[in-house]
Amino acid sequence: METQEFTSMPRIGDKAPEFKAVTTQGEINFPADYKGEWVILFSHPADFTPVCTSEFMTFATMEDKFAEANCKLVGLSIDGLYSHIAWLRSIKEKIEYKGMKDVEVKFPLIEDITMEVANKYGMVQPNEDSTKAVRAVFFIDPEGIVRTMIYYPLSLGRNFDELYRVIIALQAADEFGVATPADWRPGDDVIVGPAGSCGTAEERMTDSDMDCKDWYFCTKKLDKDTVLEKILKK
Ligand code: BEZ
């Protein structure tokens with residue numbers, strides 16, 4: 001009988017597993033060093049590979065945009081520090097792609113030859129590849145709690161507009177006590193939390209601040225500037 005190996009991984013709502021690691025920006029103590037900030041911890045399969053290079057150039061180009069949303073970036077692959085350094089130097093010195101050139105990756109890239117961190121986060125998925133991390137993305141909040149996870153296979157480069165949308169939507173949900181509907185972007189209507197009683201359900205249907213399709217599906221306006229002023233650092 002064929003056996004299937006299962007990889008352990010954190011779940012949404014769990015504390016982000018702790019680790020200390022060597023990175024291209026010095027040692028980090030995770031997630032303690034990021035207390036009070038959002039952080040995107042992400043893995044890539046290998047240095048000196050084309051999809052990963054396109055992703056790193058995109059992330060590095062967007063780093064300031066994420067920083068405005070109080071969000072730091074931390075990368076990881078199962079490569080050594082000198083490989084990381086050489087790859088990041090090559091990106092800056094040699095690679096021009098989609099109008100991006102002279103791109104300096106300033107965020108930390110973790111060396112994880114032992115796979116200690118990758119295994120803690122379920123980044124190695126053996127049926128995809130047993131020695132390379134998949135393209136995992138963990139969104140971790142200022143209290144060190146995992147709030148969203150997205151996994152992509154080796155062949156599929158990530159959508160960075162979506163990663164940015166997730167960071168803004170998570171913070172908007174926290175700040176304004178709402179949920180965000182499909183494809184939500186700042187300025188779109190938001191979802192009001194579920195009615196907890198028959199009375200509230202009835203009141204909602206006549207509340208002029210809400211648009212209720214039915215008692216369980218009510219939206220309200222949330223102005224784009226209000227969202228962005230709250231979330232983005234001046
Ligand atoms: C890439 O980044 O190009 C890549 C890495 C591993 C497997 C396939 C593609």
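Read the numbers this way: they start at 1 and go in the same order the structure lists the ligands and their atoms. Computed from a prediction, not measured in an experiment: that's the story for all the values here.
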Would you say ligand 1 has an N or O under 3.5 Å from any N or O of [X]?
X	result
Pro45	no
Thr49	yes
Val51	yes

Identified salt bridge (charged side-chain N to carboxylate O under 4.0 Å, His left out) counterpart of Lys221 within the set Asp189, Asp211, Asp209: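 The salt bridge (charged side-chain N to carboxylate O under 4.0 Å, His left out) with Lys221 is passed solely by Asp189 among Asp189, Asp211, Asp209.
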How far is atom 4 (C) of ligand 1 from its nearest protein heavy atom, and which residue and atom name does that atom have? Arg135 NH2, 3.6 Å
Look at the rings of Phe66 and Phe59 and say which category their plane angle falls in: under 30° parallel, 30 to 60° tilted, over 60° perpendicular.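 Judged by the thresholds at 30° and 60°, the geometry between Phe66 and Phe59 is perpendicular.
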How are the rings of Tyr151 and Phe138 set to each other: parallel, tilted or perpendicular (split at 30° and 60°)?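 Judged by the thresholds at 30° and 60°, the geometry between Tyr151 and Phe138 is perpendicular.
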Is the shortest distance from a heavy atom of Pro50 to ligand 1 less than 4.0 Å?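 Per 4.0 Å heavy-atom rule, Pro50 contacts ligand 1.
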Taking C-beta and beyond as the side chain, do Val190 and Lys220 meet within less than 4.5 Å on heavy atoms?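 The answer is yes; the side chains approach within 4.5 Å.
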With heavy atoms of Cys52 as the reference, note each atom of ligand 1 found under 4.0 Å away. 1 (C), 2 (O)
Does any N or O in the side chain of Asn29 come within less than 3.5 Å of the main-chain N or O of Ala32, such that one atom is a donor and the other an acceptor? no
